[in-house]
Amino acid sequence: MLFDFLKRKRKSAKLATERLHIILAHERGMARLPFFDDLKSDLIKVLSKYIDTKDALNISVSHRDGYDFIEINVPITGNSSK
Amino acid sequence: MGKIYTITSGKGGVGKSTTTANLALGMAIAGKKVVAIDLDIGLRNLDMILGLENRIVYNIIDLLEGRAKLNSALIRDKRGDNLKLLAASQTNSKEDLSKEKFLDLLNLLKEQFDFVFIDSPAGIETGFSNAFAGAEGVIIVATPEISSIRDADRVVGILEANGKHNISLIVNRIKPEMVKKGEMMSQDDILQILAIDLLGIVPDDPKMIEYTNKGEPAVLDKISVTANAYINITRRLMGEDVPQLELKPKSFLRKLFERL
Ligand SMILES: Nc1ncnc2c1ncn2[C@@H]1O[C@H](COP(=O)(O)OP(=O)(O)OP(=O)(O)O)[C@@H](O)[C@H]1O
Ligand SMILES: [Mg+2]
């Protein structure tokens, strides 16, 4: 309950700033990697040969320390050997 | 040689035309020779904000297509000789403007005026690339809202990809009371996100609608904070090293006073 209270106290301007930082890092990365959408669908094709990629597959671009990173997060649920 | 600035935003309705009108008129009052160009072809707006809608005979398309001479297409401001308006056409579409002819016109205007302000249409389509093509400086207007800032970032990306690096930001419609309470992003929050230079800040002014109703831009209301905000920006554009305006939440007394 205390946690709920703290969460509500968090100011919306702060939240807006954080959300913008995240989405813009992604969008700027996309703009620098014009091939990203094609790469993404190829990656999904390959991954889905081995694992169930239906849900929660998350491929994104981020930018840290002067480098672009392609981040692939694939939760392996249930029987991972398809 | 005059300087050409394009006012743009990405997201619509954030105050591009209002900003253009006030900066152009503010510069004219300061003694500079200015022309304001409405490039929102099909959605003419700047004329009404400036109160010059009854004076329009020819528009920019008439001029570019040779149906009007420069002197008859440049509408004289009713308050003085320094400001001229080049109106948008209402009947054409954005594609009807020839980029080559427009760039030629800008080169001509640069010789006759100190400042050229181009009000661009919302969006990042045809009209947008025409608007910034001939400009040495691009002024991005954004409000402290996530959608406006996200779109501004897109526009910065497109401008930089097109070799435009003189980009600065006006944060419009700031509400100091809300910023103080942490309910609205501050200009510093926004600058940190967009990483471009701050040209100035403009408060959210409930009287803006009155100024537009009358066709007398805020900058004419000399004692107002908003007029000062625009004057602050024009001085910076003229190369003066002026500190940024500080917007303070209104005191109880001031609010009471304004009600009277
Ligand atoms: N600082 C301000 N305070 C209060 N209202 C404002 C302020 N700036 C602009 N507005 C109002 O916001 C509305 C939109 O402004 P304006 O037409 O200048 O935006 P725009 O970006 O040119 O829109 P469009 O994308 O349609 O061309 C108008 O009603 C205007 O009066
Ligand atoms: Mg407009």
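Just so you know, these numbers use all the heavy atoms, side chains as well, and skip hydrogens, waters and symmetry mates. Order of the sequence lines fixes the chain letters, A, B, ..., with proteins taken first and strands second; residue numbering starts at 1 for each chain.
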Check your understanding: What part of B:Met185 is in contact with chain A, defined as an atom under 4.5 angstrom from a non-hydrogen atom: side chain, backbone, both or neither?
Key -> both
Please report all inter-chain donor-acceptor pairs (under 3.5 Å) between chain B and chain A, with distances to 0.1 Å.
from: B:Arg150; atom 1: NE; to: A:Glu27; atom 2: OE1; distance (Å): 3.3
from: B:Arg150; atom 1: NE; to: A:Glu27; atom 2: OE2; distance (Å): 2.7
from: B:Arg150; atom 1: NH2; to: A:Glu27; atom 2: OE2; distance (Å): 2.4
from: B:Asp153; atom 1: OD1; to: A:Arg28; atom 2: NE; distance (Å): 3.0
from: B:Asp153; atom 1: OD1; to: A:Arg28; atom 2: NH2; distance (Å): 2.5
from: B:Asp153; atom 1: OD2; to: A:Arg28; atom 2: NE; distance (Å): 3.1
from: B:Gly182; atom 1: O; to: A:Ala13; atom 2: N; distance (Å): 3.1
from: B:Ile193; atom 1: O; to: A:Arg28; atom 2: NH2; distance (Å): 2.7

Practice item. Answer yes or no: does atom CE of B:Met48 have more than 12 heavy-atom neighbours from other residues, nucleotides or ligands under 6.0 Å? Key: no
Check your understanding: Could you give the distance from CG (A:Leu24) to CD1 (B:Ile146), rounded to the nearest 0.5 Å?
Key -> 10.0 Å
Point to revise | Enclosure of B:Glu246 CD (heavy-atom neighbours >12, cutoff 6.0 Å) | key: no
